[in-house]
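One structure is given below, encoded as structure tokens.
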Amino acid sequence: MTDTTASPEPKKNRQWIRQAVDFGALAAFMISYFVSRDMILATWVLVGASALALGVGYAVERRFAPLPLITGLFALVFGLLTVFTHDDLYVKLKLTVQNGLLAVVLLGSIPLKKYPFKALLGSAIKVNDAAWRTLTVRYGLYFLTVAILNEIFRSPAAVTALWHALGRDAPNPNDVWTSFRGVLWIAASVFGLSQVPLIMKNMTKDEEPGPISPDTGL
């Protein structure tokens, strides 16, 4: 008798392909900056990598996943603003605006007992409403924290004050922010993995969840 049960392997492979593509986009941005020390040139790379990531995401999943689509469009819009104005404020401000808006939407939905996060990730994981509420709070607080931290690390005055407080000479603010961007992606991956136990405990469908990183790397 032929087993017609669908294998979870294709879905799992798609998740890891997306993770690899998204990390590749961020890695390309960071490498191009630290090689050239030119934030505008690195942003050109980010714009191209963001468009490529959206294209690969569609090819892999045959649809635009909501969260990667949102972050990808933010990267394209703020990246293009940066390269056309030659002002790196926009590429740095992208994290604040994107994460701030996500935090407002998610945390603002809690009193209304609405879970927009379910619309963003409902196709990736299947959990009960209690878990969606917990995930909405956790991810909302995560996005809020990132918005606040980004405002600190993107500000040359804040970076200078921080380093002086540590008794050290302030480095190049662009070096600090780009390094922060890389550390943030690692932190987001760890945060996503830390939610797996909650997801597994409250799953409503028998399948193995993958890590849901709040940072797509774009």
Self-check item: From M39 atom CE to T178 atom OG1, the distance as rounded to the nearest 0.5 Å
Solution: 3.5 Å

Quiz item: How are the rings of F191 and Y142 set to each other: parallel, tilted or perpendicular (split at 30° and 60°)?
Solution: parallel

Self-check item: Path from L135 to M203 over hydrophobic side-chain contacts below 4.5 Å
Solution: yes

Self-check item: Inter-residue atom distance F78.CZ - L89.CG, 0.5 Å rounding
Solution: 9.0 Å

Exercise. Flag yes if I110 and L141 sit in one hydrophobic cluster, no otherwise; membership is Ile, Leu, Val, Met, Phe, Trp, Tyr, and two members link when side-chain heavy atoms are under 4.5 Å apart.
Key: yes

Quiz item: Do the side chain of S109 and the main chain of L106 share a donor and acceptor less than 3.5 angstrom apart?
Solution: yes

Quiz item: Looking at side-chain heavy atoms only, is the closest gap between L54 and L76 below 4.5 Å?
Solution: yes

Practice problem: Please confirm whether the backbone N or O of F29 pairs with a side-chain atom of S32, one donor and one acceptor, at under 3.5 Å? | Solution: yes

Quiz item: Relative to each other, are the rings of F84 and W44 parallel, tilted or perpendicular (30° and 60° limits)?
Solution: perpendicular

Quiz item: Tell me, do F34 and D175 make a side-chain contact under 4.5 Å, heavy atoms counted?
Solution: yes

Self-check item: Residues R37, N172; criterion side chain to side chain contact (heavy atoms under 4.5 Å, CB included); working and verdict
Solution: CA-CA 10 Å; R37 296 291 195 223; N172 184 323; 5.5 Å; no

Quiz item: Would a 4.5 Å heavy-atom cut-off, applied to side chains only, mark L95 and F74 as touching?
Solution: no

Exercise. Could you tell me the separation between the CZ atom of R133 and the CG atom of N128, rounded to the nearest 0.5 Å?
Key: 13.0 Å

Quiz prompt | Minimum heavy-atom distance between A75 and S50, given as atom pair plus value | solution = CB-OG, 3.3 Å

Practice problem: Would you please say whether a donor-acceptor pair under 3.5 Å links the side chains of K92 and N174? | Solution: yes

Quiz item: Is there side-chain contact between T82 and K94, with at least one heavy-atom pair below 4.5 Å?
Solution: no

Exercise. Indicate, with yes or no, if Y90 and V45 share a hydrophobic cluster defined by side-chain heavy-atom contacts under 4.5 Å among Ile, Leu, Val, Met, Phe, Trp and Tyr.
Key: no

Quiz item: Side chains of D88 and T43: does their closest heavy-atom pair fall under 4.5 Å?
Solution: no

Quiz item: What's the spacing between N99 CG and L144 CG if we round to 0.5 Å?
Solution: 9.5 Å

Quiz prompt | Approximate separation, where rounding is to 0.5 Å, of L46 CG and R181 CZ | solution = 8.5 Å

Quiz item: What do the steps show when you test E151 against L93 for side chain to side chain contact (heavy atoms under 4.5 Å, CB included), and what is the final call?
Solution: CA-CA 8 Å; E151 281 301 284; L93 195 61; 3.9 Å; yes

Exercise. Over all heavy atoms of both residues, which pair between L26 and G182 is shortest? Give the atoms and the distance, please.
Key: CD2-CA, 4.5 Å

Quiz item: Same hydrophobic cluster for L101 and V91, using side-chain heavy-atom links shorter than 4.5 Å among ILVMFWY?
Solution: yes

Quiz prompt | Atom pair CZ (F143) and CG (L102), whose distance is rounded to the nearest 0.5 Å | solution = 5.0 Å

Quiz item: Does V146 share a hydrophobic cluster with V97, counting links as ILVMFWY side-chain heavy atoms below 4.5 Å and allowing steps through other members?
Solution: yes

Quiz item: Between N202 and L198, which heavy-atom pair has the shortest distance, and what is it?
Solution: ND2-O, 2.8 Å

